[in-house]
Structure formats: structure tokens, C-alpha cells
K.L.:
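To start, I am sharing the structure in question, which I have written as C-alpha cells.
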Amino acid sequence: MAFLQTYAQRATKHANPAARHLLETISRKQSNLAVSVDVTKSADFLSVIDTVGPYVCLIKTHIDIIEDFEPVLIDRLTALSLKHDFLIFEDRKFADIGNTVALQYSAGVHKIASWAHITNAHPVPGPSVVTGLASVGTPLNRGLLLLAEMSTAGTLARGAYTEDAVRMARANPDFVIGFIAMRRMDGFGVRDGEVQNSEEDFLILTPGVGLDVKGDGLGQQYRTPMEVISQSGCDVIIVGRGVYGNPASLDVDEVRRQADRYRKAGWDAYLDRMKGR
Ligand code: S5P
């Protein structure tokens with residue numbers, strides 16, 4: 001099983017350039033922490049990213065919530081990704097017909113495919129959402145995550161839907177690099193009589209991670225890095241408010257302290273998981 005190998009071992013075998021880059025970065029920086037920077041002002045966005053940059057393998061963005069967006073913000077974000085050695089994941093959650101998602105991914109104000117190494121999609125439209133995005137992303141060496149599960153209370157992404165999401169990924173392993181999910185997806189979607197390819201290696205990136213609280217009053221549910229990485233076998237913890245706190249009163253020293261704390265907690269949980277090999 002892929003997840004019982006080290007991140008570095010998995011990097012050498014992965015076929016997708018974005019997945020390889022992510023696994024190499026995790027290993028080099030000893031960080032399986034992705035920080036989700038859900039702030040609405042460009043200056044705060046850049047300040048948080050410059051602060052947490054040394055501690056993360058990946059920065060997750062919602063570029064459409066930035067109120068004062070200008071194209072130069074992308075140049076600055078890209079410069080920070082090179083300065084601090086992290087990848088960029090635009091959490092766009094595409095969910096439309098193939099033609100529309102290809103346009104949303106490549107064009108408009110944000111031109112996501114030109115700068116985001118990784119993006120994600122809801123499987124709800126069926127395989128054409130992957131085909132549409134792959135037509136844009138594959139030539140650029142990008143990677144796609146499918147939302148097989150969600151962290152929210154009452155999510156509809158469960159059971160047969162999750163199984164079908166995994167089958168969709170298996171049909172497109174060059175472009176689909178993994179899942180947003182709450183646990184490993186190994187063995188999911190395998191029909192009677194089928195055998196799962198033993199070389200299969202989908203990355204599991206997991207939001208809903210917090211060390212201090214269990215929820216946010218709006219349906220979000222938090223688990224600890226130990227539960228997510230060691231017990232559930234996920235690969236990357238995605239942490240937002242646990243790191244940057246309240247965007248209305250950003251405290252750079254506290255953001256740095258929390259990024260360091262979550263990086264360490266995520267890495268300790270990985271070492272714990274590898275102990276059990
Ligand atoms: O199921 C999900 C999927 C995602 S991508 N649950 C999530 O919370 N997310 C995203 O992760 C969400 O859009 C947000 O950007 C981040 C979690 O933020 P936090 O502040 O609750 O850690």
C-alpha cells in the first residue's frame with residue numbers, strides 16, 4: 001500500500017508532475033501542512049503566506065474571495081511560492097459541464113490553470129468534469145483532486161457517491177492525483193471480481209483539522225492531525241482558521257507560532273504512522 005511508504009519513496013514513483021513535486025516538497029521541508037488562506041484583502045493574503053511559507057508544503061487559496069484582486073497578486077503569490085518552496089492549490093471546486101469548467105479553469109479574471117499547480121472538482125457532473133479540466137491542465141502538468149468526501153456535518157458525499165468518485169479517478173490516473181477525503185480511499189470503488197492496482201497512489205488531502213476546537217458553529221467538523229494522518233492514513237492536513245485565527249485581527253507572530261505548531265503536529269503524526277509499518 002502506497003501510504004505505508006515514505007513521502008520520498010512515493011515521489012520517485014508518481015507519474016503526475018504536480019503530485020511528484022508535492023511529495024518531494026513534503027519530504028524536503030518535513031511538512032505535510034497545507035495552510036488555507038481564506039482572507040479577503042490582498043495585503044493580508046500576502047502577509048499570511050509570507051509568514052507561514054517556511055512551514056508549509058502547500059498554500060490553498062480561494063482566489064474569488066479577494067475583494068481587491070489585481071492580476072499582480074498572482075505574480076506576488078508565485079514569487080512567494082518560489083521564495084518559500086511551496087505549491088499552490090486553488091480550491092475552486094469546479095462542478096459544471098466539461099466545456100464550462102475548461103473555460104472557468106483557463107479564462108476569466110483569475111486564469112487559474114496558469115498559476116495553480118493543483119485544483120479540485122466535485123464529481124457530481126460525472127466523468128466529463130475531469131475530461132474538461134484535463135484538456136486544460138494536462139498540457140500544463142497540473143493535478144486535480146476530486147472531492148470524494150467532505151468535512152461538513154450531513155455531507156451528501158458518502159457511500160455510493162464516494163465509491164463512484166474513486167472510480168472516476170481510476171479512469172484518469174494521469175490527471176487525477178487524489179482526493180479531498182477524510183480517510184484513505186484504498187479499496188473503495190473496487191467491484192466484485194476486480195483487483196485494485198497495487199501501484200495506485202492517490203494523495204489524500206484533508207480539511208477539517210484543528211487542535212483547539214471541534215467545530216465552527218457552521219457545520220465544519222475538526223479532527224486532530226494525529227487522527228487524520230496517523231489513524232485515518234491521510235497525507236496532508238489542510239488548516240485555515242487554526243493557523244491564521246481571526247482575519248480581522250491578524251497577529252503575525254501568532255500566525256507563525258501556529259504554523260510551526262501544526263507543521264510539527266502533522267509531521268509527528270506521520271512519524272507515528274510510519275512506526276506502525
Ligand atoms: O470538505 C471540505 C473541503 C474543503 S476544500 N471542507 C473544507 O473545509 N474545505 C476547505 O478547507 C474550506 O473551503 C476552507 O477553505 C478550508 C477549511 O478552513 P478552516 O478554517 O475550517 O480550517
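First listed ligand is number 1; within each ligand, the first listed atom is number 1. Note: hydrogens, waters and symmetry copies are ignored here, and every other heavy atom, side chains too, is used.
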K.L.:
Apply side chain to side chain donor-acceptor pair (under 3.5 Å) to Asp212 and list each qualifying residue two or more places apart in sequence or on a separate chain.
P.N.:
Arg261
K.L.:
I need the nearest protein heavy-atom contact for atom 13 (O) of ligand 1: residue, atom name and distance, please.
P.N.:
His62 NE2, 3.0 Å
K.L.:
Number the atoms of ligand 1 from 1 as they appear, then name those within less than 4.0 Å of a heavy atom of Ser36, with their elements.
P.N.:
14 (C), 15 (O), 16 (C)
K.L.:
Should Glu149 be counted as touching ligand 1, given the test is an N or O pair under 3.5 Å?
P.N.:
no
K.L.:
Looking only at protein heavy atoms, identify the closest one to atom 14 (C) of ligand 1 and say how far it is in Å.
P.N.:
Asp38 OD2, 3.3 Å
K.L.:
Going by the rule side chain to side chain donor-acceptor pair (under 3.5 Å), which residues pair with Glu199 if we only count those two or more places apart in sequence or in a different chain?
P.N.:
none
K.L.:
Regarding ligand 1, does Asn120 bring an N or O atom to under 3.5 Å of one of the ligand's N or O atoms?
P.N.:
no
K.L.:
I need the nearest protein heavy-atom contact for atom 21 (O) of ligand 1: residue, atom name and distance, please.
P.N.:
Tyr222 OH, 2.6 Å
K.L.:
More than 12 heavy atoms of other residues, nucleotides or ligands under 6.0 Å from NZ of Lys264: yes or no?
P.N.:
no
K.L.:
Does the pair Arg257 and Asp260 meet the rule for a salt bridge (charged side-chain N to carboxylate O under 4.0 Å, His left out), with working shown?
P.N.:
CA-CA 5 Å; Arg257 208 176 69 74; Asp260 190 24; over 6 Å; no
K.L.:
Looking only at non-hydrogen atoms, which of Pro207, Ala181, Gly245, Ala148 approaches atom 11 (O) of ligand 1 most closely?
P.N.:
Pro207
K.L.:
Please confirm whether Arg241 comes within less than 3.5 Å of ligand 1 when only nitrogen or oxygen atoms on both sides are compared.
P.N.:
yes
K.L.:
For atom 6 (N) of ligand 1, which protein heavy atom lies nearest, and how many Å away is it?
P.N.:
Ser151 OG, 2.7 Å
K.L.:
Using distance alone, decide if ligand 1 has a nitrogen or oxygen within less than 3.5 Å of any nitrogen or oxygen in Gly240.
P.N.:
yes
K.L.:
Which protein heavy atom lies closest to atom 5 (S) of ligand 1, and at what distance to 0.1 Å?
P.N.:
Asp91 OD2, 3.0 Å
K.L.:
Taking the basic N atoms (NZ, or NE/NH1/NH2) and the acidic carboxylate oxygens, is any pair closer than 4.0 Å for Arg158 and Glu149?
P.N.:
no
K.L.:
Please work out, at 4.0 Å between heavy atoms, whether the side chain, the backbone, both, or neither of Gln220 comes within that distance of ligand 1.
P.N.:
side chain
K.L.:
Using a strict threshold of under 4.0 Å (side-chain N to carboxylate O), is an ion pair present between Asp164 and Arg167?
P.N.:
yes
K.L.:
Just so I know, are the side chains of Ile74 and Phe69 near enough to count as touching, which here means a heavy-atom distance under 4.5 Å?
P.N.:
yes
K.L.:
What orientation do Tyr105 and Phe175 show, parallel under 30°, tilted 30 to 60°, or perpendicular over 60°?
P.N.:
tilted
